[in-house]
K.L.:
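One structure follows; several queries about it will come next.
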Number of protein chains: 4
Amino acid sequence: MDFRDKQAIYLQIADHVSEQILLGRWTPGERIPSVRELAAELEVNPNTVMRTYEFLSQQNVIVNKRGIGYFPADDATDTIRAFRREQFLQNDLPQFFKNLTLLNIDLAEIETRYGQYIHETNAAQ
Amino acid sequence: MDFRDKQAIYLQIADHVSEQILLGRWTPGERIPSVRELAAELEVNPNTVMRTYEFLSQQNVIVNKRGIGYFPADDATDTIRAFRREQFLQNDLPQFFKNLTLLNIDLAEIETRYGQYIHETNAAQ
Amino acid sequence: MDFRDKQAIYLQIADHVSEQILLGRWTPGERIPSVRELAAELEVNPNTVMRTYEFLSQQNVIVNKRGIGYFPADDATDTIRAFRREQFLQNDLPQFFKNLTLLNIDLAEIETRYGQYIHETNAAQ
Amino acid sequence: MDFRDKQAIYLQIADHVSEQILLGRWTPGERIPSVRELAAELEVNPNTVMRTYEFLSQQNVIVNKRGIGYFPADDATDTIRAFRREQFLQNDLPQFFKNLTLLNIDLAEIETRYGQYIHETNAAQ
DNA sequence: GTGGTCTAGACCACC
DNA sequence: GTGGTCTAGACCACA
């Protein structure tokens, strides 16, 4: 993690936490780092981590057990993936194709770098 | 303009203006709307439009003729396109393909909506 | 026990215990489950159950016999009922009727679900 | 407002704000007090009011216009009422009838205080 | 002027 | 030990 980014720190941390869960490094059965632990590790204020955890709780990515700590929600990976898919299909994808035409993108350039994806696309038809 | 969008309004307007120029609706020979006109049209504070125009002037997308108004720069479309291409190739594109695999996107779904683009892609090779 | 509930767990347990006594499942003559037994059954920390028992002792709902265990107080049901009645009449009931008007509740809806109670109400007059 | 209550201050403020909107004192067209204004008026820290406004935004009760302030959402009253109704029907109502039987409530007592409601209930059938 | 984020430090209830 | 709330004060971008 580094915080040079313009995005709010607590959201960067949220991404980080989601990523850990998505990759299976933190599983529903086990407690994720406490507010204080993670704050110390990342060298930020505990309030900032608290805010991250509140944010993720509300998105049903993690759940709190009173007096014990936070745990990944049972269906956390599905939730995260669904959330990102929605984002991707609604925003990124239309933007992508809009840019393709608007910017007169040199398709050979893409082909060079990402050709295999396009071929898979066609293969999948 | 969407006041609830997380992107700054003056940047939303900058995108809008760039788009008009890119699409050839506003050409180098003709004055673009004055700060007040555009502010009235978009129902925003003139200061905000002013900020947009300053921003675009600085990027050499528009130029100011004192006492007359703002005009698209002669090479505005090239400038805009170059800027956006850079952005697209460096950030959007890698992110796009990263998501494609990470989210296990159903390619048939994309095909349904954007198939013609992909086919054009292949035809252009 | 619902760890996600906003009410403290030891109070949730206190309600549970009170309920058992109120319903006559645990009577003054017989020992109620030991701290460890109940903790195991409810899958909570024994300290938490301890706190419940201390709380209920203080309210004269249960009594401790040293070396033997906890027993419902002789007048436990009266104590509990008095306590809850107070709570009910002072807080719940006014709130209930306030909401009934404020929220424009469809009384037919209530009738459908709880009609028998209302009819009993009238019969009891 | 007084904050002797055990409920978190920011939630008490949220109730207060909702109430104002519900009563039509603050309408969708007009800005509600700024974070700083309300904080000064209620003599709490601006962060606390900020937290209230975040909470209410998220519940779609108020919306933010960048750089201008917060406004009641267009359908704020519906949202608030729906939320409270849900709460009432799911929690308060079942609890109410459960208590009626469990506590052996003296119905004449209720009749005395709230009789007119019950009669309306019957009249509505 | 508006909101938004972050830090530092405190106090509390609860497990 | 855990989270949760609150204050005080700072800095920033934006309208």
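We name chains A, B, ... by the order of the sequence lines, and we start the count at 1 in each one. Quick note: numbers below take in every heavy atom, side chains included, and nothing from hydrogens, waters or symmetry partners.
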K.L.:
With both distances under 3.5 angstrom, what nucleotide forms a Watson-Crick or G-U wobble pair with E:dC11?
P.N.:
F:dG4
K.L.:
Less than 6.0 angstrom from the centroid, inside 45 degrees of the normal: does D:Arg31 satisfy that with respect to the ring of D:Phe71?
P.N.:
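Cation-pi check for D:Arg31 and D:Phe71: fails.
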K.L.:
Let me know the distance between NZ of C:Lys6 and P of E:dA13, rounded to the nearest Å.
P.N.:
18 Å
K.L.:
Just N and O in the side chain of D:Arg51: are any of them under 4.0 Å from OP1 or OP2 of F:dT5?
P.N.:
yes
K.L.:
Is any side-chain nitrogen or oxygen of D:Tyr70 closer than 4.0 Å to OP1 or OP2 of E:dG4?
P.N.:
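So the side-chain polar atoms of D:Tyr70 do come within 4.0 Å of the phosphate oxygens OP1 or OP2 of E:dG4, strictly under.
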K.L.:
Under the 6.0 Å and 45° cation-pi test, does A:Lys65 pair with A:Tyr70?
P.N.:
no
K.L.:
Is any side-chain N or O of A:Arg36 under 3.5 Å from a base N or O of F:dG1, one able to act as donor and the other as acceptor?
P.N.:
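Flag unset: no donor-acceptor pair detected.
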K.L.:
Using only side-chain N and O atoms of D:Ser34, determine if any of them is under 4.0 Å from OP1 or OP2 of E:dT2.
P.N.:
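The answer is yes; a side-chain N or O of D:Ser34 sits under 4.0 Å from OP1 or OP2.
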K.L.:
Nearest-Å distance, CE (D:Met50) to P (F:dA8)?
P.N.:
18 Å
K.L.:
Between the side chains of D:Lys98 and C:Glu19, is the shortest nitrogen-to-carboxylate-oxygen separation below 4.0 Å, so that they form an ion pair?
P.N.:
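Looking at D:Lys98 together with C:Glu19, the answer is yes, because their closest N to O distance falls below 4.0 Å.
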K.L.:
Between C:Phe55 (CZ) and E:dC14 (C1'), how many Å, whole number?
P.N.:
14 Å
K.L.:
Ignoring backbone atoms, establish whether D:Arg66 has a side-chain N or O less than 4.0 Å from OP1 or OP2 of F:dC14.
P.N.:
no
K.L.:
Between C1' on F:dA13 and CD on B:Gln7, what's the gap in Å once rounded to a whole number?
P.N.:
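Taking CD of B:Gln7 and C1' of F:dA13, I get 13 Å after rounding.
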K.L.:
Please tell me which of D:Asn45 and A:Asn64 maps to the more 5' nucleotide of DNA chain F, matching each residue to the nucleotide holding its nearest heavy atom.
P.N.:
A:Asn64
K.L.:
Hey, is the main chain of A:Arg84 close enough, under 3.5 Å, to the side chain of A:Gln87 for a donor-acceptor pair?
P.N.:
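Checking the backbone N and O of A:Arg84 against the side chain of A:Gln87, no donor-acceptor pair under 3.5 Å is found.
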K.L.:
Using whole Å, what does the distance between atom C1' of nucleotide E:dG1 and atom CD1 of D:Ile68 come to?
P.N.:
11 Å
K.L.:
Have a look at A:Glu37 and say if it touches a base, only the backbone sugar-phosphate, or nothing, with a 4.0 Å heavy-atom cut-off.
P.N.:
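Sugar-phosphate, backbone atoms only, no base.
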K.L.:
Taking all non-hydrogen atoms of both residues into account, name the closest pair between D:Arg51 and A:Glu54 and its distance.
P.N.:
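Here D:Arg51 and A:Glu54 meet closest at NH2-OE2, 2.9 Å.
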K.L.:
Quick check: on DNA chain F, is the nucleotide nearest B:Ile9 upstream (toward 5') of the one nearest A:Val35, or the reverse? Name the residue that is more 5'.
P.N.:
A:Val35
K.L.:
Could you state the atom-to-atom distance from CZ of D:Arg31 to C1' of F:dA15 in whole Å?
P.N.:
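Going from CZ in D:Arg31 over to C1' in F:dA15 covers 12 Å.
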K.L.:
Rounded to whole Å, how long is the line connecting atom OH of C:Tyr10 with atom P of E:dC15?
P.N.:
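The distance from OH of C:Tyr10 to P of E:dC15 comes to 8 Å, rounded to the nearest Å.
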K.L.:
Using atom CD of D:Glu43 as one end and atom C1' of F:dC6 as the other, report the distance to the nearest whole Å.
P.N.:
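So the CD-C1' distance, D:Glu43 to F:dC6, works out to 15 Å.
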K.L.:
Would you indicate, yes or no, if F:dT2 has its OP1 or OP2 atom less than 4.0 angstrom from a side-chain nitrogen or oxygen of A:Tyr53?
P.N.:
no
K.L.:
What does C:Gln12 touch in the nucleic acid at a heavy-atom separation under 4.0 angstrom: a base, only the sugar-phosphate, or nothing?
P.N.:
nothing
K.L.:
Need to verify one output field. Residue with the more 5' nearest nucleotide on DNA chain E, C:Asn47 or A:Leu11?
P.N.:
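The residue closer to the strand's 5' end, by nearest nucleotide, is A:Leu11.
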